[in-house]
Amino acid sequence: MMKKNKIFIIFGIFPFLFLVSIILVYFFQKIDSNIFFNLFYGFLFPTINLLLGVLAIRFGFEKTEIIFLIVVFGGLILRLFIMLGLILFSLKFLFVSLNSFIFTTFIFYFYYLIVEIFILTLKKNLIIKTKQ
């Protein structure tokens, strides 16, 4: 259990520091509100994607292999379409700046993808150890 907490602390430091830093910089009026919301939405959408992915992994690991594959990979496709919809919605209706929003979104998307892969590997190794 202790190892699990250390992993979440390690992977949670970067997003937490990013969020706190953009809030502080905005609070002290070093950036305008447009850039703040570009960065915030670019952080928020991949974070929602990660939470849905972790829920799919937790739900799928308790099921059979076929159900696991359907839940995790089907959920991946569904989450990709959700991300596409959120990005298109924000570009059309929230009037975010293309550069900072897309750059932040992809940085956190790929960072969270590494986190998801790490969680899957950790859970797989835990299951292998318990079967021995």
Joint hydrophobic cluster, [X] plus [Y], side-chain heavy atoms closer than 4.5 Å:
X	Y	answer
Phe93	Phe37	yes
Leu98	Ile35	yes
Leu55	Ile67	no

Is the ring pair Phe40/Phe43 parallel, tilted or perpendicular, if the boundaries are 30 and 60 degrees? tilted
Residues 99-114 side chain polar contacts: donor-acceptor under 3.5 Å, at least two apart:
unit_1, atom_1, unit_2, atom_2, d
Ser100, OG, Asn38, ND2, 3.2
Thr104, OG1, Ser100, O, 2.7
Thr105, OG1, Phe101, O, 2.7
Tyr111, OH, Phe11, O, 2.8
Tyr112, OH, Thr47, OG1, 3.1

Side chain to side chain, [X] and [Y], heavy atoms closer than 4.5 Å:
X	Y	answer
Asn49	Ile82	no
Val20	Leu17	no
Phe89	Leu94	yes
Leu24	Phe28	yes

Look up atom [atom1] in [X] and atom [atom2] in [Y], then write down how far apart they are to the nearest 0.5 Å.
X	Y	atom1	atom2	answer
Phe81	Met83	CZ	CE	13.5 Å
Leu86	Leu44	CG	CG	8.0 Å
Ile117	Leu122	CD1	CG	13.5 Å
Thr64	Leu69	OG1	CG	8.5 Å

For Leu50 and Glu116, which heavy atoms make the closest approach, and how far apart are they? CD1-CG, 3.6 Å
If you compare all heavy atoms of Leu120 against all heavy atoms of Phe68, which two are closest, and at what distance to 0.1 Å? CD2-CZ, 3.8 Å
What's the verdict on side chain to side chain contact (heavy atoms under 4.5 Å, CB included) for Phe59 and Val72, showing C-alpha distance, side-chain angles and the deciding distance? CA-CA 9 Å; Phe59 178 76; Val72 172; over 6 Å; no
Counting heavy atoms not belonging to Ile66, are there more than 12 under 6.0 Å from its CD1? no
